[in-house]
Amino acid sequence: GGAARAAISDPAIAWSYRDRASAYWNSIVSGGEAFVESLGKPKDSLVSLINEGSSEKSLADIKAFLAKTGGKCAIACDANDSPNARPVVEAVRDAGAYISTIWNKTDDLHPWDISDNYVSHMTWSDEKPAEQTARILFDAMGGKGGVVHLGGIAANNPAIERLNGLKNALKDFPDIELLDAQPADWDTTKGTELMASFLTRFGDKITGVHCANDNIAYGVIEALRAEGIENMPIVAYDGNPEAVKLVMDGKLLATVFTNPHWGGGITAALAYYAATGAFKPSEEPKEHREFYGPTVLVTKKDAADFKAKYLDAVPSYNWKDFWGPSNGQIKYK
Amino acid sequence: MYELKAVEKKFPGVHALKSVDFSISRGEIVGLVGENGAGKSTLMKVIYGAYQPDGGEMLIDGKPVRFGGPRDAMERGIGMVFQEQSLITNLSVMENIFLGYEDQFSRFGVVNWKAMAKAARKQLAKVKLDIDPRTITSSLSFAQRQLVELAKVLTLEERVQGHLVVLLDEPTSVLAEEEVKLLFKLVRELTTRASFIFVSHRMDEVMELSDRIYVMKDGQVVDVVSRGAATPEAIQHKMVGRHVDKEYYREQRQKPYDATRPLVELSGVDLPGRVHDISLTLHAGEVLCLVGTEGSGREAILRTIYGMRTPTKGTLKIKGETVSRLTARGAVERGVGYVPRERKIEGIVAGMNVYENMTLSQMPHYARMGWLDVADERALARKWIGKLAIKASSEYADCGNLSGGNQQKVVLAKWRSGGSDIMLLDHPTRGLDIGAKEDVYDMIREMCDDGVGVVLVADTLEEAIGLSHTIVVIKDGEIQKRFDCVPGSKPTLYDLLHYMI
Amino acid sequence: MDIQRLKPHFPWITLLVLVTIVGIADPSFLKPANLLSLAGDIVPLFIMALGLTFAIYIGGIDLSAQSMANMITVVASVYLAPLGIWVAGLCILAGFTLGTLSGYLTTRMYVPSFISTLAVGGICFSVAQWLSGNRALNMDATQRNETFGWMIGRTGVVPHELFIAIGLLAICLLIERRTVLGRALKAVGAGELAAAASGLNVARYKILAFAISGGLAAVAGLLFSVKLSGGAPTIANGFLLPAIVAVLVGGTPLTGGVGGVLNTAIGTLIVAVIRASMLYFGIAATQQQMVFGLVLIAAIALTIDRSKLRTVK
Amino acid sequence: MPRILTRENAIRWAPFMVLLALIVLFTAINPSFLSQRNFARIAIAAAPALMVAIGVTFIIVMGSIDLSMEGVVSLTAVLFCFLMLALGGTLASGGWIAIPVILAVGAATGLVNGFIHVKLKIPSFMASLALGFVGTGAAILLTGGDIVKFDDPTFRALLTWRILGFPLMVYVAGLCLVLAWFIQSQTRLGRYFYAVGGGEELAHASGVRVQHVRMAGFSLAGFFYAIAAILQVAKLGQAESVTGSNFMFMSITSVVVGGVALWGGIGGVWNTLVGVLIVAVINNGMVVIGLPDFLQAAVLGLLVIIAVILSTDRRAVAFVK
Ligand SMILES: Nc1ncnc2c1ncn2[C@@H]1O[C@H](COP(=O)(O)OP(=O)(O)OP(=O)(O)O)[C@@H](O)[C@H]1O
Ligand SMILES: Nc1ncnc2c1ncn2[C@@H]1O[C@H](COP(=O)(O)OP(=O)(O)OP(=O)(O)O)[C@@H](O)[C@H]1O
Ligand SMILES: [Mg+2]
Ligand SMILES: [Mg+2]
């Protein structure tokens, strides 16, 4: 509402995320750390709230953090499962703290309906980029043949969107058949085993593989290598350093970079600066409170440039340029 | 040669051994008798290194020793045959015999099974047991297992230089007459190499075998008698602290049963396995004794009446009512009580206290709409602890920590207090001391007076003859003969044996 | 002081020590409002652990609890609109029924509960995926508030979940200590053969234990979905191991017959405090998992009463 | 002549029959299931799982349980990659030293597990679960959560070099299985596992140093987990702190499905082999026959239950928990 501008001096900053055992979340945290360093604080002043894939722990940890700081804090958060977002932001609001979220929230939850304490939500529209990678894949297949999709955890939003992207692209390629789509749970080992089973079921009919993320693609490549299959067209998602290297080596056609480093930093920055009163969320337009993050398609021809720009030396960002690289307001279906 | 001086052992709440002095010399057979809970097993386990004494000292050839565990004791030539079966049933006989001592057959930890089998055959020959040492132990009979245990202890002969001490804790309780004879013969032969400490509740056996007898009571040695220096009655007097009734089996109290009130009727019952065509009737006030060798099917019949086994043929009537699908629950509801042979496994629940055990079979009597009346339960337990002189610190004592005999009393109290009028007793006096046995016999007679029918599988033939109104002899799962046992004209041991074997 | 007599009290002494240690590090932890809210947040996990206690108390285990809760969040989200308050009945019935199935497989078909409950969990997961169409669902917020709002509010500083937890704990405690069922379960846990030979219908009690476990897992799932106002086939992931840990740390060993629901309450609080202590001690992200494991070893070494365990397996 | 069609035999061979029945079933629905190439795929999937399952078999035979496998596999896999890279990055350049070192690390981790369990008298379920957390935690600490790629072609020959159509790692796993069988049936230690599982107190009373046996058992299990880690790295060309995940429930399920009793003393590594194959065949077969993904959890559960029901001798067990 129209209350006085918030002014928590020196709020504590936390990132609540899934786990430390993945390149993606590491990158997110590195962005968060870059941000706190930009404030002249040490890296470890960014508190990690790790939920290990448990919504229950996610909520409990955030509440514990709110209690510990007495509400004088700014939180960046992926709520792990979309229904968990609501109790999390409500708890933050009730404590008078500030939060920005990424990825998971339900469609009926909007920052402007909660209060200034729910600063923003960023997500990535995966459908379009996944469609783009699918097109690259289909072109490499010569516009015909069979494709299999190895997906993420079935109920996860990105998993659904990435499969939808593939299906959208299929409409323009009548000679390509989607042989099957099965979840590989974002996991390398599952990826190998699922791919091996697909090989038995479809054999030579498989002429292209669409993976929901890089980790699955690593597994797929190994499953194919075990069979001596070298030139299968494969696309992936996430733009992890190892995957970019595979793109450069030609083992992977494309992956999609979502710039988690920037996402990690800017999400924390949004919550932080709203908490200090540097800006007032309710005075911002809606596209500044629910927006898409950036996506960069990485293919063989731009992989080297990409690597130089984003991976070899992490670019330094202006953490007050909140919406520069973003990609427009979130649209719901 | 082996000596204990002023040995003490305390358990939480129990002073199990009070300043016990004990000695045994070369080639001697020492008997150890006492009531249940007198401390015999504890003493044996101290000697064997399974318990560490809290005070006093242990001397071998005059030199003090301390055992950290059974292995230390074995290395000094002390071996033990346990009261409970102590073979590991999923291992082969030879593995059991040499368990812990495979070194002699192994190089770099790899066992030479041929050599072990050969050595095992030699050990088995010592106890005159002719079985393949590779047999898995679970397929042996109880008596065979007991002999294997002895064979196992006798491996000390080869392993240890010098003299052995072999501890036998109630080795005879599962053996038949013949096997006991064989065991005694073996023991006597072996006195050239070993001394024996022998625990039994059968006074005649102890008197027959032992050179000296230690009498224990309440954790103390109350007397040491040499062979022939005292009568059984005198020893029993010391053990129990009172005179033992001459009329041991209470035959004078045996009254005719009520033949008009059949409680259990089996007709033409077949069971899976060997049991075939069993027909018998139990009446109110009757003690019906099933007599037969180990494995003849006595236990199976008891379990059928108790609903734990289902007949494949024939009918079972309880109190005139034909029951087709009997379960244990159903049997209990019809007033059947069952005192199983394996009391530590099936009789009591270790970890539950006395009152919880006593009411386990009759909780509905102490509950209203599923809610238990604990005060009532405790009152019941206190009553029966007093009535049967159960040695327990209170009704809260964990039954798992009571001595075997006292556990048995708890089991009996469980059924008796629940008012069961059909009692199935499988070896109810196994391991009980004389005093406790008398209590059980009294109880059986009292039950009969109250119109209870008892099916009994007795510990000894004498007991069977003494107690029963009717004896049914079973062999290989079939009824051979039925005897009426009117006091004064009871069948003799010989009569029974004739049909048993 | 006799150490033997202290042993049964080790679990809550451990809890107290842990709370004190964290409190010394940061006194704000000890504020009653903070402690109450900490306790309130762990209630869904506690309810699941409470159910698991029954399965573990008879010497079994229930690995289906988490999938059960997952499925129930979906069921609750889907059927709240058509059924209203009756959806609670449906959820509990579903949990009870599937728990009965686990129990049946364990007792009558001789499938060890480790396997039978894992398999029943698989069935729950499939149902959840099918019913949700493999996506996260949300409840209508107003309807949720009207129907189940009372579950998640707060009176003064006391979260309502705590009342639910205390209520369920009291019921379970009475069942355990004062009913035929509780006594029978203890007997089954401590000596199943003797219980059977005493004429108890052991199979029925065992099935009942698994059914209670399933039913309480369903309550946990229901409360959780109300709290989140939605459901998904994976949303309760991460419940199972902490719930088992809570039971075991509380002092109910997997061998059964010892411990009980009060222990589980303490065990759950210990888990909550250990978890919160990561934050209060500022343990670095990469070290948290390792520290959790180490503290767990220390905690259980302190809490279990070894005198009651005949052999440690 | 001894009778072949006895009840005991029927039950002993039940898991194997279930395996055959599953193969027949899947082949009937999709004949390409029954091909040498698919069997090779199943074998690759099963090889590391078999090593984990063998490790835990020894523990289950002792009547204990070990849940540390996920942590230990992750930790040893990560250490293995680091060590290999530090030693030059190829087998030829001296990297082979990493193999015995990692096996020793696995055994040492297991020993720590056993030590905590035995000396602190913490039930193995808890001790190993907590130690598993520590193992995964240590892997996270070492990698910072990143993937460690290790792609030496000589080492990867375990996956890529085929003899008679099966990759080398399958033969390595086979050799380790024979080793495990040898330990189980021909050595004193192996028999002690059965003695402890059949009657711990009795074994103790016979002078078996039960505590040592337990610790040795956990150490041996750790050793096999390390083999699993090496095979897993050979299979994936990388290690990370989640390399070991999913092994816990899967391996124990396999062991039980194969006919090893959870209460100890019964079964052995051959049962485990069959169990692992059953689970691998089901996982592969469900995809090969095109079962919708949302049904897979339920079908896996049902098939596992059926397998266990068929291979349980209901007359021999009084009860299960
Ligand atoms: N660990 C223990 N805790 C409590 N009491 C114990 C313990 N061990 C032994 N006792 C008690 O010590 C006493 C001696 O027991 P012990 O078993 O030695 O008797 P026993 O002479 O062998 O009896 P029985 O004839 O029944 O075999 C008993 O009262 C028993 O209950
Ligand atoms: N380690 C132990 N912890 C607790 N109690 C024990 C322990 N060892 C033995 N006891 C108790 O010591 C007593 C003696 O045990 P033992 O096995 O000798 O029984 P027992 O009295 O000889 O039995 P029975 O009447 O069948 O002859 C029992 O009460 C037993 O429960
Ligand atoms: Mg004794
Ligand atoms: Mg005795």
Side-chain angles (χ1 to χ4, degrees), chain C residues 58-61 63 67 105-107 109-116 118-130 134 189 192-193 196 202-203 206 233 241 244-245 248-249 253-256 285-297 300-301 304 306 309-313, chain D residues 62-65 71 116-118 120-127 129-145 200-201 210 241 249 252-253 256-257 261-264 292-305 308-309 312-314 317-321:
Chain C
I58 61 160
I61 191 147
L63 300 178
S67 306
L105 288 169
T106 302
T107 52
M109 309 306 277
Y110 296 86
V111 179
S113 55
F114 196 101
I115 299 295
S116 65
L118 204 58
V120 167
I123 294 171
C124 293
F125 185 54
S126 281
V127 170
Q129 284 185 303
W130 168 74
N134 252 333
E192 179 156 354
L193 289 172
V202 168
K206 275 168 85 175
L241 288 183
I244 294 177
V245 166
L248 299 183
V249 168
L254 280 162
T255 38
T286 46
Q287 296 168 10
Q288 288 189 5
Q289 180 124 5
M290 206 163 122
V291 173
F292 183 73
L294 291 172
V295 176
L296 209 56
I297 292 174
I300 192 141
I304 49 170
R306 294 166 185 83
L309 304 175
R310 298 206 158 238
T311 55
V312 181
K313 274 196 166 178
Chain D
M62 285 195 294
S64 300
I65 193 106
I116 291 172
H117 158 50
V118 166
L120 295 183
K121 291 199 171 63
I122 299 178
S124 56
F125 188 101
M126 255 336 269
L129 185 65
L131 198 90
F133 289 147
V134 175
T136 308
I140 291 175
L141 198 57
L142 285 168
T143 58
E200 174 166 355
E201 286 168 41
V210 173
S241 49
F249 288 130
I252 293 172
T253 304
V256 176
V257 165
L262 270 177
W263 48 91
D293 60 285
F294 69 86
L295 283 180
Q296 291 183 3
V299 170
L300 176 65
L302 289 176
L303 291 178
V304 160
I305 285 182
V308 174
I309 289 176
T312 308
D313 185 353
R314 252 163 278 177
V317 289
F319 60 88
V320 305
K321 289 198 164 173

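Quick note on labels: first sequence line is chain A, next is B, and so on, each numbered from 1.
The shortest side-chain heavy-atom distance between Leu193(C) and Val202(C) does not fall under the 4.5 Å cut-off. A 4.5 Å side-chain heavy-atom check between Met126(D) and Val249(C) finds at least one atom pair inside the cut-off.
A donor atom on one side chain and an acceptor atom on the other are not found under 3.5 Å apart for Thr106(C) and Ser113(C).
With His117(D) contributing its side chain and Pro123(D) its backbone, the two residues share no donor-acceptor pair below 3.5 Å. Although no hydrogens or angles enter the test, the distance criterion places no donor-acceptor pair under 3.5 Å between the side chain of Thr286(C) and the main chain of Ile140(D).
Using a 4.5 Å cut-off between heavy atoms, Leu118(C) contacts chain D through its side chain alone, with no backbone atom that close. Heavy atoms of Ile116(D) lying under 4.5 Å from chain C belong exclusively to its side chain. Heavy atoms of Leu120(D) lying under 4.5 Å from chain C belong to its backbone as well as its side chain. If you measure heavy-atom distances from Leu105(C) to chain D, the contacts under 4.5 Å come from the side chain alone.
For Phe125(C), the ring-ring contact (aromatic ring centres under 6.0 Å, His included) criterion is met by no residue, not counting sequence neighbours. Residues passing the side-chain contact (heavy atoms from CB on, under 4.5 Å) test with Ala119(C) are Ile305(D), sequence neighbours excluded.
Residue with the most contacts toward chain C among Leu300(D), Leu302(D), Ile252(D): Ile252(D) (heavy-atom pairs, distance under 4.5 Å). Per-residue counts of heavy-atom pairs under 4.5 Å with chain D were compared for Ala128(C), Gly293(C), Ser126(C); the largest is that of Ser126(C). Most heavy-atom pairs under 4.5 Å with chain C, from the set Ser241(D), Gly71(D), Ala298(D), Gly132(D): that is Ala298(D). In terms of heavy-atom pairs under 4.5 angstrom with chain C, the leader among Gly144(D), Ala261(D), Gly301(D) is Gly301(D). The greatest number of non-hydrogen atom pairs below 4.5 Å with chain C, out of Val256(D), Val304(D), Leu142(D), is found for Val256(D).
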